[in-house]
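This report concerns only the one structure given below.
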Amino acid sequence: MENNLYYTPTLKDLHYGFEFEYKSKDDNWVKVTLDTWNRPSKENHLKYFTEHDLLRTLNHQDMACKYEDLTCIRVKYLDLSDIESLGWRFGTNDYVFPENKNVTYGQYKLLFNNNELEIIHLSGTLFRGIIKNKSELIKLMQQLNIK
C-alpha cells in the first residue's frame, strides 16, 4: 500500500459489517461497508453466504481488480479517531466508555498503543490483544456487550 495507514486484508478477514476501501477503475479509493455495499437477498441469507459468494460480491463492476485479487482493497488500521467514533472518550490517561466521566460503576477503560488494545472493567481485564481495524473493535465490543 501507499503508506502504513492501510493494509490488504485476507479473505478470512472480510465479513458483513466490515469497512474497507476499494480502488475504482478511475483510480479513486471508495469507502464502503460490506453489508451496505451488496446485501444478500432473503433467499441468500447471511448464514448461507459462502466464500464463493463473497468473492463474487468483490467482483464489483466499478473495481479496478477482479474476482480473487484483493490487492485493490485496503483497510485502515485502527486509530484514535476510530475509537472515538465508537463512543469512547479520552479521560485522564486512557479512553473511557461511556462518555459520561462521572459514571464510575459500569465504566470501561481502553488502553491503546500501536494496534495493541486492552479493555478493562471493574472486574479486571476483559481483553488484551491486537485489534487491526475499526470493524474488529466493533465486533469485540459486541462480544463484550459494550454498548
Side-chain angles (χ1 to χ4, degrees), residues 1-91 93-101 103 106-121 125-147:
M1 290 289 129
E2 310 118 30
N3 55 44
N4 293 333
L5 299 177
Y6 297 89
Y7 67 95
T8 301
T10 64
L11 186 60
K12 69 179 181 175
D13 292 330
L14 302 177
H15 57 81
Y16 272 91
F18 192 79
E19 294 181 8
F20 65 96
E21 296 178 2
Y22 72 88
K23 192 170 222 171
S24 66
K25 290 180 181 175
D26 61 3
D27 215 29
N28 291 319
W29 287 101
V30 180
K31 186 175 182 178
V32 293
T33 302
L34 191 55
D35 60 351
T36 59
W37 185 38
N38 192 357
R39 290 184 185 272
S41 66
K42 286 184 180 179
E43 297 79 33
N44 187 19
H45 192 269
L46 179 59
K47 69 180 181 179
Y48 302 114
F49 202 69
T50 65
E51 184 175 298
H52 173 74
D53 296 323
L54 182 56
L55 287 171
R56 195 175 64 224
T57 299
L58 294 176
N59 193 17
H60 194 272
Q61 65 182 13
D62 185 41
M63 288 181 66
C65 62
K66 291 295 176 191
Y67 206 60
E68 295 182 21
D69 178 17
L70 294 181
T71 58
C72 67
I73 294 175
R74 70 181 187 180
V75 179
K76 184 171 76 81
Y77 280 109
L78 184 68
D79 64 16
L80 300 179
S81 67
D82 294 330
I83 293 169
E84 290 175 357
S85 75
L86 296 175
W88 296 89
R89 296 294 175 249
F90 193 72
N93 296 319
D94 49 23
Y95 282 89
V96 293
F97 190 92
E99 180 179 352
N100 184 353
K101 295 177 184 68
V103 177
Q107 189 175 54
Y108 296 90
K109 293 188 178 193
L110 182 147
L111 307 170
F112 179 67
N113 186 19
N114 295 329
N115 296 336
E116 191 161 325
L117 187 125
E118 183 174 7
I119 295 179
I120 304 166
H121 192 259
T125 298
L126 300 176
F127 175 84
R128 181 182 296 144
I130 303 292
I131 297 292
K132 289 171 60 174
N133 59 62
K134 182 178 175 181
S135 297
E136 288 181 9
L137 180 55
I138 290 169
K139 198 173 190 179
L140 176 63
M141 288 174 64
Q142 290 170 343
Q143 291 169 341
L144 296 175
N145 203 24
I146 299 174
K147 300 176 182 176

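Only heavy atoms go into these numbers, but all of them, side chains included; no hydrogens, no water, no symmetry mates.
Closest approach of F18 to V75, counting heavy atoms only: CE2-CG2, 3.5 Å. Taking every heavy atom of both residues into account, H121 and L126 meet most closely at CB-CD1, 3.7 Å. Contact between I83 and W88 at its shortest, heavy atoms only, is O-CD1, 3.4 Å. When every heavy atom of I131 is checked against every heavy atom of L137, the shortest pair comes out as CG2-N, 3.7 Å. Nearest heavy atoms, N4 versus Y77: O-CD1, 3.3 Å.
Remark: N145 engages K147 in a side-chain hydrogen bond (donor to acceptor under 3.5 Å, both in side chains) (not counting sequence neighbours). By the salt bridge (Lys or Arg N to Asp or Glu O under 4.0 Å) test, D13 is found to be paired with no residue, residues two or more places apart in sequence or in another chain being considered. When the side-chain hydrogen bond (donor to acceptor under 3.5 Å, both in side chains) test is applied to D79, the partners found at least two apart in sequence or on another chain are K76, S81. Residues satisfying the side chain to side chain contact (heavy atoms under 4.5 Å, CB included) criterion with T125, sequence neighbours excluded, are E118, I120, R128. Evaluation of the side chain to side chain contact (heavy atoms under 4.5 Å, CB included) rule for E84 yields R89, Y95 as partners, not counting sequence neighbours. Remark: I138 pairs with L86, K134, Q142 by the side chain to side chain contact (heavy atoms under 4.5 Å, CB included) rule, at least two apart or across chains.
Considering CD1 of I73 and CD of E21, their distance stands at 11.0 Å, rounded to 0.5 Å. Considering NZ of K31 and CZ of R74, their distance stands at 10.5 Å, rounded to 0.5 Å. Taking CZ from F127 and CG from L140, the interatomic distance works out to 5.0 Å, rounded to the nearest 0.5 Å. To the nearest 0.5 Å, atom CG of residue L117 and atom CD1 of residue I130 are 9.0 Å apart.
In summary, the side chains of Y7 and N133 do present a donor paired with an acceptor at a separation below 3.5 Å, with no hydrogens or angles considered.
The side-chain heavy atoms of F112 and L78, taken from C-beta on, include a pair separated by under 4.5 Å.
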